[in-house]
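Proteins get letters first, then strands, A, B, ... in listed order; numbering begins at 1 in each.
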Amino acid sequence: MSKYFHEQLGSLVTAIGSSYQQQSHVIPLDAAALPSRNTIIEVIQLLRELLFPGYFGKQNLTTATLDYHIGDLLIQVHDKLLEQIIFVLKYQAANEKSADVAVEKTSEEIIYAFLSKLPELQRMLATDVQAAFEGDPSAQDTNEIIFCFPGIFTVTIYRLAHELYKLSVPLIPRIMTEYAHNETGIDIHPGATIGSYFFIDHGTGVVIGETTVIGNHVKIYQGVTLGALSTRGGQALRGSKRHPTLEDEVTVYSGASILGGETVIGKGVVIGSNAFITTSVPDGTKVSVKNPELVFKGHSPREFKQEFHADWMI
Amino acid sequence: MSKYFHEQLGSLVTAIGSSYQQQSHVIPLDAAALPSRNTIIEVIQLLRELLFPGYFGKQNLTTATLDYHIGDLLIQVHDKLLEQIIFVLKYQAANEKSADVAVEKTSEEIIYAFLSKLPELQRMLATDVQAAFEGDPSAQDTNEIIFCFPGIFTVTIYRLAHELYKLSVPLIPRIMTEYAHNETGIDIHPGATIGSYFFIDHGTGVVIGETTVIGNHVKIYQGVTLGALSTRGGQALRGSKRHPTLEDEVTVYSGASILGGETVIGKGVVIGSNAFITTSVPDGTKVSVKNPELVFKGHSPREFKQEFHADWMI
Amino acid sequence: MSKYFHEQLGSLVTAIGSSYQQQSHVIPLDAAALPSRNTIIEVIQLLRELLFPGYFGKQNLTTATLDYHIGDLLIQVHDKLLEQIIFVLKYQAANEKSADVAVEKTSEEIIYAFLSKLPELQRMLATDVQAAFEGDPSAQDTNEIIFCFPGIFTVTIYRLAHELYKLSVPLIPRIMTEYAHNETGIDIHPGATIGSYFFIDHGTGVVIGETTVIGNHVKIYQGVTLGALSTRGGQALRGSKRHPTLEDEVTVYSGASILGGETVIGKGVVIGSNAFITTSVPDGTKVSVKNPELVFKGHSPREFKQEFHADWMI
């Protein structure tokens with residue numbers, strides 16, 4: 001450290017400390033510990049090992065040694081996640097000025113309820129892998145999908161986070177899905193409800209809002225928004241149904257937006273690329289977009305001007 | 001190493017070395033050291049700890065121990081960032097064949113000017129957190145926003161990088177914002193000017209160009225481009241105002257593009273989803289898009305055809 | 001571990017183990033080892049050091065020591081990648097019930113063929129860097145492009161993966177490009193064919209499908225899809241030409257979609273923002289979009305209503 005910086009250090013420390021005091025509504029001094037994002041990411045990695053054994057972490061699993069492997073992973077997940085749940089519940093209790101005597105016991109119950117769901121989640125995720133394989137001709141096999149498809153990565157983390165969300169764990173579910181959002185560009189709120197055989201192809205730019213409800217066998221492409229019509233109400237809207245419902249076997253092509261809590265997309269509907277939908281669509285409909293007219297310079301348009309064919313667009 | 005590969009290694013080394021010589025315009029042999037992206041990311045993490053104490057890094061901060069914690073972080077940031085700034089200034093001097101005798105002293109002055117801005121940046125970021133909380137009904141509290149919202153992550157890094165950009169530090173500011181771009185899909189050039197209470201919701205696909213100017217209380221959604229009308233001029237356009245100006249209290253919904261250096265979006269304007277704007281819009285206007293006509297197959301359109309209501313679209 | 005959890009652990013292990021048995025079509029028990037994504041990412045980092053010496057990894061390279069540095073990196077890449085190729089070829093042989101006696105020898109041949117391509121790849125990447133510098137006025141110099149532009153990062157990994165794809169290596173090429181997709185939001189299938197001087201600006205949301213063919217001097221912006229018209233055929237479509245061809249000197253602005261295996265975009269064509277193209281476009285054409293009509297509230301439209309000028313839109 002230079003002499004110059006050494007002289008200035010004291011006044012920099014004072015200035016920053018004083019700034020903390022002024023921002024005390026967002027800076028938690030003398031407060032209970034907050035959770036650790038890094039530990040939560042470790043827990044996600046352990047859970048992916050549990051859900052997709054042989055793909056991540058330990059290799060060459062055999063039937064003979066499997067129980068020890070599962071037991072070891074479960075103990076690690078239990079210990080790390082329990083600590084984080086205790087942190088957030090104590091922090092919540094402190095903020096609400098309520099007693100936190102039962103936090104340890106409640107946290108134990110939550111984590112047991114969560115871990116008990118893993119076999120069911122594994123069955124759900126196997127349907128998601130199957131849907132990806134059947135829907136995407138670029139997939140060579142299911143290994144490729146599990147190893148590196150961003151849709152499966154994000155849906156795995158969403159399904160885990162959604163269980164914690166249903167168990168009323170604060171903060172941790174959103175940290176989990178925002179980690180997936182960072183990794184893949186697919187933003188699924190942990191509050192959304194999503195059925196089996198769900199496939200997101202490519203996925204970058206997808207947004208699925210908190211109160212979205214999605215049935216089984218639904219397929220969604222990159223850039224699709226399942227969003228709110230307006231959030232100008234701000235915090236007053238919290239808890240209301242603001243996002244759409246997609247029934248079974250709906251397909252939504254790239255760049256489409258479906259908005260509003262009362263919007264219901266019926267069974268088997270296909271929504272074409274770039275459609276902007278704010279009202280309900282009945283079962284079995286195919287919705288195409290008359291895309292904006294193109295203007296051609298340098299050649300007579302009739303040589304190549306593209307006709308509108310609803311079938312092309314979806 | 002197999003015998004086969006051992007025999008080939010020599011000729012592979014020669015071929016690659018000879019390729020380096022041919023690409024010498026992009027390969028810095030016998031040159032001054034370049035900065036380290038990994039060290040710059042470490043510096044970003046330390047700065048986030050300084051700006052949001054208790055959230056990242058050390059937990060359980062108390063008023064009593066705070067000064068030591070701040071001092072320790074400041075020293076680490078100083079030492080690591082100083083080294084990187086010296087690297088880029090020496091590299092720049094070597095490229096421009098100018099003397100680099102003053103580089104150490106200049107670097108010290110830059111880093112002190114930068115660190116002195118941290119309290120002000122912290123105040124700005126507290127306004128950004130507040131704007132996110134007020135604008136997003138899915139946010140449970142401000143902790144959630146600080147911990148995991150991609151908008152705050154990116155704007156934090158942008159605000160830090162912008163200070164270094166204003167201090168004429170080469171290369172490092174762009175490495176910082178492109179790191180954020182990687183993490184969140186939000187691409188803010190460090191040269192952009194952005195006021196307080198700035199909120200980017202969801203954010204994937206947002207692009208904010210170098211000469212963009214944004215006022216206070218502005219809100220932007222995923223997929224918004226604040227861009228140039230054309231970059232066919234290439235390097236000849238460097239330094240010119242190519243990107244738009246957004247005045248105070250502007251809202252831009254998802255997928256909209258606002259292009260051009262002379263385009264000014266007036267105070268309080270609301271730009272609807274998917275709008276494509278290339279001219280100025282006066283104060284207080286609401287701009288909606290008549291989205292492309294939809295074609296329905298399988299049902300009579302009048303059963304459910306969506307009417308255009310400008311209010312819906314924004 | 002609490003007494004409570006200790007009692008439940010056994011039944012949790014049994015439930016998860018039994019779930020594995022049920023999902024045996026996706027869970028590889030008693031199977032050959034799968035590749036390691038982490039090792040493949042290490043290989044990518046070593047290859048980037050080889051292709052861009054001085055930027056990543058070791059600094060201060062001199063002509064005198066260069067051969068040792070190249071040799072050391074080549075040996076590391078060879079050993080790590082060889083191991084992974086052997087894994088995937090053995091796994092493939094096991095799945096296809098074919099003999100795997102020649103796997104080691106085949107793998108050695110593949111890796112030598114791959115490493116021999118590095119000088120050529122380096123020449124190609126130098127053209128990509130040059131194209132980015134010439135096309136982007138925000139780039140201060142080529143260092144900035146190599147250090148932190150997401151387009152170059154992704155195209156580097158794509159070009160490496162494409163060589164392995166051409167050598168019929170399963171799984172690893174897609175793991176490589178999906179890693180880049182995670183980092184940058186740019187999704188290039190390793191099967192795509194891409195010429196020299198290729199530049200992707202900003203890049204988030206770009207999708208380039210498996211059978212896309214791209215000529216030289218092509219430039220693409222964020223949110224562009226080069227995709228299939230429909231994937232409803234699922235796995236039956238595997239291997240068919242489903243994605244478009246872009247000839248030399250084509251530019252595609254942000255948000256445009258070009259779809260279909262028979263769609264050919266001719267030499268020098270410019271496709272404007274948000275265009276939706278499903279048929280071929282002849283050489284030299286400029287295609288603009290009449291963007292959706294805007295509706296203005298709060299001011300008389302004629303004060304500021306935007307006219308359509310095809311020149312603006314591209």
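Neither the backbone nor the side chain of C/Thr177 has a heavy atom closer than 4.5 Å to any heavy atom of chain A. Contacts of A/Gln130 with chain C are made by side-chain atoms alone, with heavy-atom separations under 4.5 Å and no backbone atom involved. For A/Asn274, the part sitting under 4.5 Å from any heavy atom of chain C is the side chain, from C-beta outward, and nothing else. Only the side chain of A/Gln222 comes within contact range of chain C, with heavy atoms under 4.5 Å apart. At a 4.5 Å heavy-atom cutoff, the contact between A/Leu115 and chain C is made by backbone and side-chain atoms alike. Proximity to chain C (any heavy atom under 4.5 Å) is shown, for A/Leu125, by neither the backbone nor the side chain.
Considering only heavy atoms from C-beta on, A/Gln122 comes within 4.5 Å of C/Tyr20 through its side chain. The shortest side-chain heavy-atom distance between C/Asn182 and A/Phe153 does not fall under the 4.5 Å cut-off. Residues C/Thr225 and A/Tyr221 are not in side-chain contact: their nearest non-hydrogen atoms beyond the backbone lie 4.5 Å or more apart. Here the side chains of A/Ser273 and C/Phe276 are in contact, with some heavy-atom distance below 4.5 Å. No side-chain heavy atom of C/Thr285 sits less than 4.5 Å from a side-chain heavy atom of A/Lys297.
In this structure, the separation between NE2 on A/His202 and CD on C/Glu178 is 9.0 Å, given to the nearest 0.5 Å. Here the straight-line distance linking atom CZ of C/Arg174 with atom CG of A/Asp141 works out to 10.5 Å at 0.5 Å rounding. Rounding to the nearest 0.5 Å gives a distance of 4.5 Å between CG of A/Leu74 and CD1 of C/Ile16. The distance from atom OG1 of C/Thr14 to atom CG of A/Asp67, rounded to the nearest 0.5 Å, is 6.5 Å. Interatomic distance, CZ of A/Phe147 versus OG of C/Ser36, reported as 7.5 Å (0.5 Å rounding). For the atom pair C/Leu34 CG and A/Tyr55 OH, the distance stands at 6.0 Å (nearest 0.5 Å).
Looking at every heavy atom in both residues, A/Leu294 comes nearest to C/Ile277 through CD1-CD1, 3.6 Å. Closest approach of A/Pro292 to C/Pro292, counting heavy atoms only: CG-CD, 4.1 Å. Taking every heavy atom of both residues into account, A/Gly71 and C/Val13 meet most closely at CA-CG2, 3.7 Å. The heavy-atom pair separating A/Glu144 from C/Leu171 by the smallest distance is CA-CD1, 3.4 Å.
Donor-acceptor pairing under 3.5 Å is lacking for the side chains of A/Ser138 and C/Glu210.
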Does the side chain to side chain contact (heavy atoms under 4.5 Å, CB included) test come out yes or no for A/Val295 and C/Lys290, once each step is laid out?
-> CA-CA 7 Å; A/Val295 177; C/Lys290 281 202 182 178; 3.8 Å; yes
Dump the intermediate steps for side chain to side chain contact (heavy atoms under 4.5 Å, CB included) on C/Phe5 and A/Glu108, then the final yes or no.
-> CA-CA 8 Å; C/Phe5 180 63; A/Glu108 271 286 359; 4.1 Å; yes
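With a 6.0 Å radius and a threshold of 12 heavy atoms from other residues, nucleotides or ligands, C/Glu262 has its CD atom at or below the threshold. Within a 6.0 Å sphere centred on NZ of C/Lys241, other residues, nucleotides and ligands contribute more than 12 heavy atoms.
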